[in-house]
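Residue numbers count from 1 along this sequence. Counting convention: from 1, in listed order, for ligands and their atoms alike.
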Amino acid sequence: MDLRTPHVMNVDPRAAERKLNSEAPWDSFDPAAYIDHNYGHLRSDDAKILEVVRKHFSDHFRGRPDKRGEEVRGIDVGAGANLYPALSMLPWCDEITLFERSAANVEYLIGQREGYDGHWDQFWDALCAQAAYGERVKDPRDAFRRAVRVERGNLFDLHDRPAHWSVGTMFFVAESMSTSYEEFETGVERFMRALAPGAPFAAAFMEGSLGYNVGEHSFPACSVTETEVRKSLSVFAEGEVEITPIGMPGGALRPGYEGMIVACGRRSTKE
Ligand SMILES: C[S@@+](CC[C@H](N)C(=O)[O-])C[C@H]1O[C@@H](n2cnc3c(N)ncnc32)[C@H](O)[C@@H]1O
């Protein structure tokens, strides 16, 4: 049973409407409007997230023998119109799958592969505060073009390809795609099960989100807490999941959420 919707109904009538992932207008997601609002320049919340994630991946890969003859495959689940999760994995990946449901976002991502837009340079520069980025990648546009493949797909179908990827990110997806808490949990599960044992991951969440607008359309969200984020990931993680509350440094991005959360860890060998 989904316990989330009645709880949200008491908080805000906008969120009273139950909208499952399959019911939202993903193909009409407007990447230009989304970027304009979120990623036209580097906000202080994203800067903080980049700081946490660049350290997590650098620490994980430091001292590991290069490649060991195996391909390092990354995945960004629900990539949308955000390139920075993929950029955060770039130094270590032979291939990065940008996995995305929306036709409009897939078209955007394919367009970016050949030479991404200039505003993403601020995000790359922030990653370069960690030495591995600049040392391992001399030309990020060229590395991005060579590594990235864009795949249109539904994350609920990822169970067909378990344990496939060696590093993964999922930013603002599991809690920002449905009002259903069950779908939030399943989204996290599909992401985690797609990762190979020991794979490092980073996932970002909106805390207490009541849904959001992009261009002309509104999209559903499931209001989650830090405790719920930890619980959903911990089942599939080895050891501690490191949760960093980001809050709202620099002010709120939009009405109807309580802050951002970034979670980092490693996929366990069991579950
Ligand atoms: C709030 S946006 C986040 C986009 C991006 N990851 C970011 O960090 O800004 C949610 C994204 O999840 C995608 N999405 C929604 N449902 C999905 C599904 N079932 N499978 C894959 N992607 C999905 C949407 O198309 C959208 O790009």
Student: Identify, with sequence neighbours excluded, every residue that meets side-chain hydrogen bond (donor to acceptor under 3.5 Å, both in side chains) alongside Asp45.
Tutor: Arg43

Student: Hey, does Phe144 have a side-chain heavy atom less than 4.5 Å from the side chain of Val137?
Tutor: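 SC-SC contact between Val137 and Phe144 ruled out.
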
Student: Name the residue from His164, Glu151, Arg149 that meets the side-chain hydrogen bond (donor to acceptor under 3.5 Å, both in side chains) definition with Thr97.
Tutor: Arg149

Student: Give every pair made of an N or O atom of ligand 1 and a protein N or O atom lying under 3.5 Å apart, one pair per line with both atom names and the distance to 0.1 Å, or write 'none'.
Tutor:
from, atom 1, to, atom 2, distance (Å)
ligand 1, 6 (N), Gly78, O, 2.8
ligand 1, 6 (N), Ala79, O, 3.3
ligand 1, 6 (N), Phe171, O, 2.8
ligand 1, 8 (O), Tyr39, OH, 3.3
ligand 1, 8 (O), Asn82, ND2, 2.9
ligand 1, 8 (O), Phe171, O, 3.3
ligand 1, 9 (O), Tyr34, OH, 2.5
ligand 1, 9 (O), Tyr39, OH, 2.7
ligand 1, 16 (N), Asn21, ND2, 2.9
ligand 1, 19 (N), Asn21, OD1, 3.0
ligand 1, 19 (N), Asn154, OD1, 2.9
ligand 1, 20 (N), Leu155, N, 2.8
ligand 1, 22 (N), Arg101, N, 3.4
ligand 1, 25 (O), Glu100, OE2, 2.4
ligand 1, 27 (O), Glu100, OE1, 2.8
ligand 1, 27 (O), Glu100, OE2, 3.2
ligand 1, 27 (O), Asn105, ND2, 3.0

Student: Apply side-chain hydrogen bond (donor to acceptor under 3.5 Å, both in side chains) to Arg190 and list each qualifying residue two or more places apart in sequence or on a separate chain.
Tutor: His159

Student: Taking the ring of Trp124 and the ring of Tyr84, is the distance between their centroids below 6.0 Å?
Tutor: no

Student: Which residues pass the side-chain hydrogen bond (donor to acceptor under 3.5 Å, both in side chains) test with Arg73, not counting sequence neighbours?
Tutor: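 Once residues adjacent in sequence are excluded, Arg73 has no partner under the side-chain hydrogen bond (donor to acceptor under 3.5 Å, both in side chains) criterion.
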
